[in-house]
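One structure is given below, encoded as structure tokens.
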Amino acid sequence: MINLADRKNSIIVFVVLCCSLLLFKAAHLQLLDIKYKEKAKKAALYKNVLYPSRGMIVDRNEKLLVTNAPLYDLNVIYRNIDPKMDTAAFCKLLGIDKQTFIKNLNKDWKNPLYHKSVPFTFLSKIRPEDFARFHEHLHKFPGFFPVLKSIRSYPHHNAAHVLGYLGEVNWDIINRSEGEYSLGDYIGISGLEKGMEKQLKGKKGISYVLKDNLGRQVGLFDNGRLDSMAVSGFDMMSSIDLELQQYGEELMKNKRGAIVAIEPSTGEILAMISAPSYDPNSIALDKNRSVAFDSLLSDTINRPFLDRSLIANYPPGSIFKPVFSLIALQKGIVQPNTSFYCDGAYEISASKAQKCHPHPPISNISNAIQHSCNSYYYHLMRLFVNQYGFKKPGIGLDTLVSYLKEFGLGHKLGVENPAEIAGFVPDSKYYDKLYRREINGWKATYMLSLGIGQGELQVTTIQMANLAAIIANRGYYYAPHLIKKYLNTSSPIDEKFRVKHKMRIDYRYFDPVIDGMQLAVEAGTARAAILPGITVCGKTGTSQNRGKDHSVFFGFAPRNNPKIAIAVYVENGGWGGETATPIAGLMIEKYIKREISPEMKHWEERIQEKVLITTLADKSYED
């Protein structure tokens, strides 16, 4: 039988022995082995942030639209600076003066955002060629160390509004980001850079390194087991056709307005032009950016930063007539062969009439679209709003509004740009408030101009192009989008762009409307869009303005199996067939044939020579 006292003594001896071994090892490491002592004296632990490459963007034909170029920031830890450093040589190498050195180095140390032992950015946006000269002497300036970042580079000078630009994060963004962004980081400010920020930005990595008192790396901490690699952002294929985009921008030079072209069967945006525009390279993140940025901002007349394809509200004018025709046919307000008499004016009352331009007699709804008869649509609006009784115009108007919402009006379509606006569709509540002082309320005759796309109705150019796509598809659309697919991941594009939106319009009602749009091009107000070998269906619009009217067109081609739906809006461009229509015709032919036919060359020359930026002439009411 084992003696309990002996067992207890054995355990005590074992424990004492283990403790003695641990104490000996600790003494050896701390007192005898000078390797760790010297390393501790000379080295300090630093956390380096590894910045990922931002995702690249190519067009639908794999032509590069956006890539990255290297850029350096120079960071500093104030407490590690050598007070005897050669400041003059330091400034000369970086091309700065002493005042800049002092200003960039001295911070408000009472502010909790700064600490003398925590790195901060001393100088940012140093180009590689400038930094290379400085880097050879970096060892002379303890406390300073480089951070490699990247800026956006644009191989072409196009699609500035589509692509957008980057800017430095502010404290509000940092505080809301839950550690995702820090001082000196860049973030998408506009366009796809903003709308796809989450996918483009990638994920930062971290490297823990040991550095000596001269700022030189002497080793990895814990053999790099705590390090993480930076993960690049998603590379993306845009739906944009660069060649078509470039051509559209050329046509819109010296003009204000927008063009949006969509592939009807998918909702993919083929071109999205806002004019005037600018070269995206001019505001790249370098030291010359502020001058170009200020110059663009100071142009308050042309406002080149304004994306007129998504942000500008426009009255659509007569391109609204085909849409209204479909809804009126569906509700049984008219039939395809319904005719209304027009003698050049529509009488609202005994003392008030709305004018209409000269045209042949209107025998059906196709003719009404072909010749853009205003009287026809004044009459149609009155009947539609009064369909539940002339004392209940609000119910009739809200019925119309419910259909227009399905057509994508009055709300955002959801393109990958958060700057997109909703436009405006007035409903009964709007008119109840507007005419609240009317004793007997408002009547249908108060808002007949909605029938011809005027009045309070406001839409964006992308909404106009989407209307054309709906008619081209005979009653459905996919939400317009700019990203076709991701290139370095199997993730699909957002599900909302793969959902088919269907209208409450019977398929049979599209033919008479499309007939009218084809006639408008071949024998009506849109003859400038006639193309050899291509059946174009379209509609002109003239949006009335205090200066020269705005020129509008929307349409699609070919009639069967349409490849492109398009909307063109040219501010102060005159009547619809004068400017917007030939631009649309040229864009359609460029996309389908990839070249301009001899028959359209004269239009191409006229449009390219046309200067409208400063032109304000008398109004034209021809549509």
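Sequential numbering from 1 along the given sequence is applied to the chain's residues.
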Heavy-atom pair with the smallest gap, counting every atom of L296 and S282: CD1-OG, 4.4 Å
F90 ring center within less than 6.0 Å of F144 ring center: yes
K194 atom NZ, over 12 foreign heavy atoms within 6.0 Å: no
F424 side, atom CZ; N313 side, atom CG - distance, nearest 0.5 Å: 9.5 Å
M56 CE: over 12 foreign heavy atoms closer than 6.0 Å: no
Test: E197 and R54 ion pair at under 4.0 Å: yes
NZ-CD1 distance between K484 and I269, expressed to the nearest 0.5 angstrom: 13.0 Å
Whether over 12 other heavy atoms sit under 6.0 Å from I301 CD1: no
Aromatic ring proximity, centroids under 6.0 angstrom, F305 and Y278: yes
I483, V162, L192 screened by side chain to side chain contact (heavy atoms under 4.5 Å, CB included) with I240, the one that passes: V162
ring-ring contact (aromatic ring centres under 6.0 Å, His included) between Y165 and Y186, worked out: CA-CA 10 Å; Y165 61 89; Y186 302 122; over 10 Å; no
Option from E571, Q458, H550 for which side chain to side chain donor-acceptor pair (under 3.5 Å) with Y314 holds: E571
